[in-house]
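Notes follow the structure.
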Amino acid sequence: MVKKKDDIDMGLSDDEKQALLRIARASIQAELAGNKPQAVKGQGTLEEKRGAFVSLKKRGRLRGCIGFIEAKKPLARTVEEMAVAAAFHDPRFEPLNKEELEELRLEISVLTPLRKVADTGEIEVGTHGLYIRKGGRAGLLLPQVATEYGWDGDTFLKETCRKAGLAPDAWRDPETEIYLFSADVFGEE
């Protein structure tokens, strides 16, 4: 399991994190085999409604990433569904094939609820993820993205705007809504 210095304690035990990683991998394997993933039933924290993203990496490079921002379903179910979505329905990538499975490493980000930003000085790069919305456009970047690319706060804001299909400086517009969140990020070795 990958442990990062800026991990947020979301009340997940190491066993629960390992269970979520197993659920994610099993759901992808089931889909590749042409089977429906087994409906998972978690216990305790895994049954709590939480937002989460599943990221797939192949040789250290992103291969898919999809998630729910809001807590709509039990965490175990969210991870199951988002693993399949990241593997087969991320529009940036071709659907995963069986040959890639062995090289695939999974990372799960369990999110805190969104909090509207009153002052961009509140944003801590490496701790917070961003969700920016203006008009009918929205974009989200997970906390680890800014760290992986070595971005400062302004660059993180600009890149989140770009992800939303907005002008890079749209974050300065008073009509743009900026939200932050934290995440407990963990993954396979």
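The line from CG of L32 to NZ of K98 is 7.0 Å long, rounded to the nearest 0.5 Å. Atoms CZ and OG, on R105 and S55 in that order, are 14.5 Å from each other to the nearest 0.5 Å. Taken to the nearest 0.5 Å, the CD atom of E107 stands 9.5 Å off from the CG atom of L21. Atom CG of L101 and atom CD of E31 lie 12.5 Å apart (nearest 0.5 Å). For the atom pair CG (L166) and CZ (R133), the distance works out to 12.0 Å, reported to the nearest 0.5 Å. Going from atom OH of Y179 over to atom CG of L140 covers 12.5 Å, rounded to the nearest 0.5 Å.
Remark: side-chain polar atoms of D184 are not paired, donor with acceptor, to backbone N or O of V110 under 3.5 angstrom. For the pair R50 (side chain) and T45 (backbone), a donor-acceptor distance under 3.5 Å is absent. The main-chain N or O of F53 is never found under 3.5 Å from a side-chain atom of S109 such that the two would form a donor-acceptor pair. Between the T176 side chain and the A170 main chain, a donor and an acceptor come within less than 3.5 Å of each other. Formation of a donor-acceptor pair under 3.5 Å by the E188 side chain with backbone atoms of L106 is found in this model.
Heavy atoms only, all atoms of each residue included: P143 and A183 are closest at CG-CB, 4.0 Å. Residues W171 and I178 approach most closely at O-CD1, 3.7 Å, considering heavy atoms. A pairwise comparison of heavy atoms in G126 and T147 identifies CA-OG1, 3.2 Å as the closest pair. Heavy atoms only, all atoms of each residue included: S27 and V84 are closest at O-CG2, 3.7 Å. Between A52 and L75 the shortest heavy-atom distance is CB-CD1, 3.8 Å. Closest approach of V79 and V54 over heavy atoms only: O-CG2, 3.8 Å.
Residues V185 and L142 fail the side-chain proximity criterion, which asks for heavy atoms closer than 4.5 Å. Counting only heavy atoms from C-beta outward, the side chains of Y149 and E159 never approach each other to under 4.5 Å. Contact annotation: the side chain of L56 never approaches that of F93 to less than 4.5 Å [non-hydrogen atoms, C-beta and beyond]. The closest side-chain heavy-atom distance from E80 to I23 is below 4.5 Å. The shortest side-chain heavy-atom distance between L180 and T127 does not fall under the 4.5 Å cut-off. Side-chain contact between C161 and D169 is absent, with no heavy-atom pair separated by less than 4.5 Å. Under the 4.5 Å side-chain criterion, counting only non-hydrogen atoms from C-beta, L62 is in contact with R92. At least one side-chain heavy atom of L141 sits less than 4.5 Å from a side-chain heavy atom of W151.
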Exercise. Can you list the steps and then say if F88 with I28 is a side-chain contact (heavy atoms from CB on, under 4.5 Å)?
Worked result: CA-CA 9 Å; F88 304 103; I28 292 169; 4.3 Å; yes
Problem set entry | CA sep, side-chain torsions, deciding dist, call: E122, R115, salt bridge (charged side-chain N to carboxylate O under 4.0 Å, His left out) | CA-CA 11 Å; E122 299 173 52; R115 180 171 64 82; 2.6 Å; yes
For this session: Please lay out, stage by stage, how L20 and L46 fare under the test side-chain contact (heavy atoms from CB on, under 4.5 Å).
Result: CA-CA 8 Å; L20 289 171; L46 301 187; 3.7 Å; yes
For this session: Given side-chain contact (heavy atoms from CB on, under 4.5 Å), test I108 with K17 step by step and report yes or no.
Result: CA-CA 9 Å; I108 297 172; K17 291 176 183 181; over 6 Å; no
Exercise. side-chain contact (heavy atoms from CB on, under 4.5 Å) between H128 and F156: does it pass, once the steps are laid out?
Worked result: CA-CA 10 Å; H128 296 130; F156 195 22; 5.5 Å; no
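For R61, the CZ atom is loosely surrounded, since the number of other residues' heavy atoms within 6.0 Å does not exceed 12.
Applying salt bridge (Lys or Arg N to Asp or Glu O under 4.0 Å) to R59 and the options E102, E100, E103 leaves one that passes, E103.
Salt-bridge annotation for K57 and E148: present, with a side-chain N of the basic residue lying under 4.0 Å from a carboxylate O of the acidic one. A salt bridge does not link E175 to K134: none of the charged side-chain nitrogens sits closer than 4.0 Å to a carboxylate oxygen.
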